[in-house]
Amino acid sequence: MADGERTAFGDLLRPIADPPVRPDLISLSASATAAASAAVDPPHGSRAEADRLGASLKELADADARVVFVGDPGRTDPGLALPGNAVRTAKYSFLTFIPRNLFEQFRRLAYVYFLAIAVLNQLPQLAVFGRGASVLPLAFVLLVTAVKDAYEDWRRHRSDLVENGRAAPVLDPAGSGQFQPRRWKDLRVGEVIKVLADESIPCDMVLLATSDPTGVAYVQTINLDGESNLKTRYAKQETMSRLPSISAGSVTTLIRCETPNRNIYGFHANLEVDGKRVSLGASNIILRGCELKNTAWAIGVAVYTGNETKVMLNSSGATSKRSRLETHMNRETLLLSAILITLCSAVSICNGIWLAIHRDELELSQYFRKRDYSGGDEKYYNYYGIAMQVFFIFLMAVIVFQIMIPISLYISMELVRLGQAYFMIRDKNLYDESSNSRFQCRALNINEDLGQIRYVFSDKTGTLTENKMVFQCASIRGIDYSEGKDPSPNGSDVYCVVVGDQFWRPKMLVKTDPKLVRLLRSEGETQEGKHARDFFLALAACNTIVPLIVGTPDPKQKLIDYQGESPDEQALVYAAAAYGYVLIERTSGHIVIDVLGDRQRFNVLGLHEFDSDRKRMSVIIGCPDRTVRLFVKGADSSMFGVLEKSIDLDIIRATETNLHAYSSVGLRTLVVGMRELSRNDFEEWQSTYEKASTALYGRGSLLRAVASSVENNLQILGASGIEDKLQQGVPEAIESLRQAGIRVWVLTGDKQETAISIGYSCKLLTSEMTHIVINSNSEASCRKSLEDAIAISSKFVTISSRAQNTITGSGSARVPLALIIDGTSLVHILETELEEKLFKIATVCDVVLCCRVAPLQKAGIVALIKKRTEDMTLAIGDGANDVSMIQMADVGIGISGQEGRQAVMASDFAMGQFRFLVPLLLVHGHWNYQRIAYMILYNFYRNAVFVFIMFWYVLYTAYTLTTAITEWSSVLYSVLYTALPTVVVGILDKDLSRRTLLEYPKLYGNGQREESYNLKLFILTMMDAIWQSLVVFFIPYMAYRDTTVDGSSLGDLWTLAVVTLVNIHLAMDVFRWNWITHLSIWGSIAVAVMCVILIDSMWFLPGYWAIYHIMKTGLFWLCLLGIFAAGMIPRFTMKALAEYFMLNDIQISRELEKFGNFNDFTGTEISMSTFSQTHPGFIR
Amino acid sequence: MNNVNGSVVGSSSGSGDGSAPRRNSKRPKYSRFTQQELPACKPILTPKWVISVFTLIGVVFVPIGIASLMASNDVVEIVDRYDNVCVPPNMTNDKVAYIQNNATDKTCIRTLEVVPKHMSQPIYVYYQLDNFYQNHRRYVKSRNDAQLRKRSQANETSGCDPEKRTIDGAPIVPCGLIAWSLFNDTYIFAIGNKNLTVNKKGISWKSDRDHKFGKDVFPKNFQSGPLIGGAKLNATKPLSEQEDLIVWMRTAALPTFRKLYGRIEQDLNAGDVISVTLKNNYNTYSFSGKKKLVLSTSSWLGGKNDFLGIAYLAVGGLCFFLAVAFTIVYLVKPRKLGDPSYLSWNRNPAGH
């Protein structure tokens, strides 16, 4: 073990591996660590890691272990304390639905407010509205949500029912040895269950036996982690051989395993059979949700059932975040509450004063009548003294003016977000052909945040790149072979294996270097040829790939599909196959490799799985020539430490040069080494290996120690370069994002050279950029390099600030800066006082590239920005290593790609390709933000107008809160008269077309600068609301002064005036009128008119027939017309002035859209065609 | 598994044959709706539009304003406040005692101002109350519409507090403060010696008479309490014929209001002097409310009120002004619409 390496990476990894990590995150962080390094395969690492952690964290003491008696559920679980296998994803049952659903809903503070008001209204002294009218809006909102929840739950119930009703064959506990079908929900821990090929596994089971004599079973875990490749699981030989006696119940077998937990990559247990103890690991358990593949049957014993299965423990719902806009909205809601309280206080105080002034008159005035004489004792009627009166009036005022806080806004926002999500999901531009996946909205309440992003933190592998590894070149004994040429498409020159009369050929074609091919096939024992053969043998043997033979339409031809957990290994095995070393069979004990037409069998004597400490893996192979060889492959940093330097120094040097060249063109590199083991070496290794692999405690670390002890003094065979292809459209997408004023930071586990080269190829880095590189391994040097960096950057910034007066956007005159920092430095910087310095330097740089970062560091970097600025952050990634970052950022996006679904499960949105970020942010994000922002403002305005109108009237009713507008109209106002248009506009209105938004990415700044929703706009809107309310109230007031008009008629006039006015207001702000918009706005007015007519047709209401009377008068219509004109003139004038003179980008672009043809015609500026060429992916 | 999202279908890693036909593609179906490409009109406030809108409003509003003013001008209105003068001089210090004393004669003779212009029939007779909060919360609620409509529902007095039942517990019909406070001044008009007939039929809404006030509902136990609020009702006439009550029960919107008393169905000539013999019964002294008698003709716009005409002229004038102002502004500072050089990043490119 090389000490230097150990410390460097040990330090780097310490924050992750330390025990305080939450147990449920272990699997994530562990596998993430693995994926973070360039040349590694995540699940392997994670498994080893998890084993180790499992061992260190959990002692399998009897107290907390679960003891399972195989085939004897009664003894396993005598008290029936363990849950059955029935799963329950449904939240509610028939009985609990109402209380639980109500409880869930009332966790919203707003609902509690409305409930409190409805309750207040039930007190007889305060009854402002009728009982029905006061409860109706809240009841409506609750009902809508409840119906939605009930429907969703019903669907869950149905799928639960299907799931629980499936049948699985279970071993008869009586000992007959027969399997009888049993429903899934009746399965119990300890029962022995048989699973047939292509069937789902009903619960988490420890494998006892499989159809394969060596005990191998293949499972597909796509439902669990989304990885579509097959995983191998093993039954222990101890149980395989004793299966008949276990079935007959004649042998007591017991399994002691850890208590249920969420870690899907870890399992820790031991098995006691015939008094012999065997340890079990994650490779011995098959999990619910997986499917058995390529295995005729498997028999296992249930260890975790029902809701204790790992898949159920992992099925947490989407995280709930709150959008920035909603946070701001709450600020304004508080302001509105303040206004509300002011209004209420004003009314109640005025009422008190009025009562005090008229104190002496109240006894006799006909309209007050303080006393009730009917009882004979002349008691006060409904009068409790001035103080109480003031108090009651205050509460009543709160009831009357309650809609100042718009309840309907909450439901409208939900509907609008639902609609927006619908359009995002349905957008064909966000559909990924290659993975056949649509956009997914997993969080429904942060749609509008997509329009305000300032920082994008992106993973590299699988996010910027495809994570489809392709072998590109090899360096064998220091000689570079990179002249590969692509295989011809018809596959004529592809290497095939002849099996009987069939041709088997690898599924994926790899380009081959003819020189190397010639070398391999050359007869005679040249030193070069021997090394090349060893190299490819190592590639074919040193892995965990499982070859699957798949049929093709041509019966003579079969495809070999290499299934494995690491794309790098797949690439290497395909490469070996292309050069004639075809892996064609793997069992747990041996592999068969077709070596240039000669089928050879190799015994796999030992396998040291990959782990992130060693960063390498090795196999010990017994070759047909009876030699025992150790093949090792791993990251160059870890391999150079264990190579035998004394003999091959020049070769190592040459290889290093080649490696440098590879990584500078963005290739991922691996170094392969070999050692022939002497008999002594082998036996020594074998004994320690067996001891370690059956150890009960700390097996992982023991195995690692064994591996480290044998992996040394290696002879270098060569190195490989694997290309990780850039995803389609990534450079263009990054350019668009950058133009939009979004800073893209790339956080990768790759090494610096690879990261920089990828940075260049995706146009993140450009040649004119000044690079600031921070590579330090101590706190002091970090401090120094940061200070230097600040000095450099401040020099550039002072230059640029003189040249540039806008804050955002990178000016052309400015020298762009790129910061490149590695994980080792970050260890010393994050969470120390140096963070502040890093923040300072990072925010002046245009590009930040972090390489060699661990998963938790990714989150740390996101937190660095999130803690210090108000700016919105977005994290995008595809792997388990990105989970922490995705959860930390304001918006988390998962790429549903190659690396499993952990990232998707943790994300708020999921999509197929990185380039979709551009239409998502620039188009949908912009729209969503603009729509929701407008909708919130409009809702505030709409309800405020109404409240103010009522308030003005209250001033003319001796402050007694009489409303001229009928209570039904005031209830229906925000629910029915004006609700639909805001929702429709919130879903459908577009300020600018998709094309324009993509063409001018800078328009995105609208959301970043919060231009559509801010305090200034809110105040302006409120002032407009007050003006309009004054107009609506006082025009009829003045016109109907000193006339015979009755309250109901005037109330109807006010109702229709305000409803029409707010709808006209909305109509004036609509950007695009399509038929739905027309229908909803004009329809709403019509509905309001009809409702008013309907209400006035009720003989039992005081306003009976009032509308018919007032509509017959000319005064009514003139009032309405006057109100519309006078109410709208200020807004219209301001709008006209602002649009003409304020030179708002959005406005200019709208004009450009409308009159753009004209411009093109006259030949000025922009030609659209060039742009659509640069963005073929988005503009259709 | 229902709970684990298994939406990735089919594509195994490293597969090179993406061309194979996929059975269940999730590609969203194209429609103009789902792609948010519905045909739409995109209005923009161009100078042309702005000026036309303002001009149009001006063109519509100014004539309406003039017409309204003319209509209001044509209306002849005679208003006479009498509550303060119809009190005997010795009682001016205690008007409430005067009005509450049933024994005193409340007759008062007023001579109205000379008819200024010819008043063509029908001439509406209103009484106007100032400061009477018919919209007071305690007041407006104090009624029961069911009881007014159906004889069988006479006992339905909920909401009528504090005029629900008599001291004996018998239900009052019509119950409630509104009915209880029915206005009860009466007027007799004469020109010289010739009395003018006041038609009190049809002063209420037909809809109220037909559907709201029952033809078989007769007043019962009305105005029998210790405190008399206003008029007594003829117990032999059904409520549907008690038009003063029906008018009164259409509660006014504002604290100063008029109620129709009747119609004089003959023309009055300029110079006519009308004398009114009135009974000053109604107590407004207790809350310092005013009582006025109003004679008024009507126009298509209603009574005499210049407000609407002035408002329309003002709005129309403002719009004309704005139209002119915008025209000037657009001419003085023209801006080409949709010129990309106005975009912020084109306007001040960083560093020059």
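Computed from a predicted structure; not experimentally measured. Throughout, a chain's letter reflects where its sequence line sits, starting with A, and its residues are numbered from 1.
Only the backbone of A:T1043 comes within less than 4.5 Å of a heavy atom in chain B; its side chain stays farther off. Residue contact with chain B, scored on non-hydrogen atoms closer than 4.5 Å, involves the backbone and the side chain of A:L1121 alike. If you measure heavy-atom distances from A:S1049 to chain B, the contacts under 4.5 Å come from the side chain alone. Proximity to chain B (any heavy atom under 4.5 Å) is restricted, for A:I987, to the backbone atoms N, CA, C and O. The contact between A:A1039 and chain B is made by backbone and side chain atoms together, counting heavy-atom distances below 4.5 Å. With a 4.5 Å cut-off on non-hydrogen atoms, A:A910 does not touch chain B at all. Of the two parts of A:F439, neither the backbone nor the side chain holds a non-hydrogen atom closer than 4.5 Å to a non-hydrogen atom of chain B. A:Q1147 touches chain B through its side chain: at least one heavy atom from C-beta onward sits under 4.5 Å away, while N, CA, C and O do not. Both the backbone and the side chain of A:L1137 have a heavy atom closer than 4.5 Å to some heavy atom of chain B. If you measure heavy-atom distances from A:M396 to chain B, the contacts under 4.5 Å come from the side chain alone. For chain B, the nearby part of A:H1109 is the side chain; its heavy atoms alone come within less than 4.5 Å.
In this structure, B:R138 forms a cation-pi arrangement with A:F368, its terminal cationic atom sitting closer than 6.0 Å to the ring centre and no more than 45° off the ring axis.
Judged by distance alone, with hydrogens and angles left aside, the side-chain atoms of A:E361 form no donor-acceptor pair with the main-chain N or O of B:S288 at under 3.5 Å. With A:D1145 contributing its side chain and B:S344 its backbone, the two residues share a donor-acceptor pair below 3.5 Å. For the pair A:R426 (side chain) and B:P28 (backbone), a donor-acceptor distance under 3.5 Å is absent. Judged by distance alone, the side chain of B:N135 and the main-chain N or O of A:G1047 form no donor-acceptor pair under 3.5 Å. Using a distance-only test at 3.5 Å, with no hydrogens or angles considered, a donor-acceptor pair links the side chain of B:K212 to the main chain of A:W1099. Distance alone, capped at 3.5 Å, places no donor-acceptor pair between the B:K259 side chain and the A:T1044 backbone.
We find that B:R335 and A:E1139 are not joined by a salt bridge, their nearest charged nitrogen and carboxylate oxygen being 4.0 Å or further apart. Taking 4.0 Å as the cut-off between side-chain N and carboxylate O, B:E163 and A:R369 count as a salt-bridged pair.
In terms of heavy-atom pairs under 4.5 Å with chain B, the best-connected choice from A:T1133, A:L1115, A:T960, A:T962 is A:T960. Listed options B:W180, B:Y124, B:W300, B:Y342 were ranked by heavy-atom pairs under 4.5 angstrom with chain A; first place goes to B:W180. By number of non-hydrogen pairs under 4.5 angstrom with chain B, the leading residue of A:Y422, A:Y953, A:W927 is A:Y953.
B:L322 has its side chain out of reach of A:F1132: every pair of non-hydrogen atoms, C-beta onward, lies at least 4.5 Å apart. Residues B:T256 and A:R1041 fail the side-chain proximity criterion, which asks for heavy atoms closer than 4.5 Å. Using a 4.5 Å heavy-atom cutoff, the side chains of B:L148 and A:F1100 are not in contact. Counting heavy atoms from C-beta outward, A:D1042 and B:Y126 have side chains that stay 4.5 Å or more apart. Residues B:D145 and A:Y1104 fail the side-chain proximity criterion, which asks for heavy atoms closer than 4.5 Å. Side-chain contact check for B:W345 versus A:L1003: some heavy-atom pair is nearer than 4.5 Å. Residues A:Y1140 and B:L45 have side chains not in contact (no heavy-atom distance under 4.5 Å, counting atoms from C-beta outward). Looking at heavy atoms from C-beta onward, A:P1102 lies out of side-chain contact with B:V140 at the 4.5 angstrom threshold.
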Next on the checklist: What verdict does the side-chain contact (heavy atoms from CB on, under 4.5 Å) test give for A:D1046 and B:T251, after you've listed the backbone C-alpha separation in whole Å, the side-chain angles of each residue and the deciding distance to 0.1 Å?
Outcome noted: CA-CA 5 Å; A:D1046 64 305; B:T251 51; 5.7 Å; no

Next on the checklist: Apply side-chain contact (heavy atoms from CB on, under 4.5 Å) to residues B:K336 and A:F1155 and explain how you reach the verdict.
Outcome noted: CA-CA 10 Å; B:K336 194 169 142 205; A:F1155 308 111; over 6 Å; no

Item to check | Derivation of the ring-ring contact (aromatic ring centres under 6.0 Å, His included) call for B:F33 and A:F423 | outcome: CA-CA 9 Å; B:F33 177 69; A:F423 282 118; 5.2 Å; yes

Item to check | Stepwise side-chain contact (heavy atoms from CB on, under 4.5 Å) check, A:L1118 with B:Y312 | outcome: CA-CA 9 Å; A:L1118 285 190; B:Y312 263 75; 3.7 Å; yes

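Residues B:F287 and A:Y367 place their aromatic rings such that the two centres sit under 6.0 Å apart. Taking the ring centroids of B:F257 and A:Y1040, they lie at or beyond the 6.0 Å cut-off.
In summary, of the residues considered (B:F132, B:Y133, B:F183), a side chain to side chain contact (heavy atoms under 4.5 Å, CB included) with A:Q366 occurs for B:F132 alone.
The line from NZ of B:K42 to NZ of A:K1154 is 7.5 Å long, rounded to the nearest 0.5 Å.
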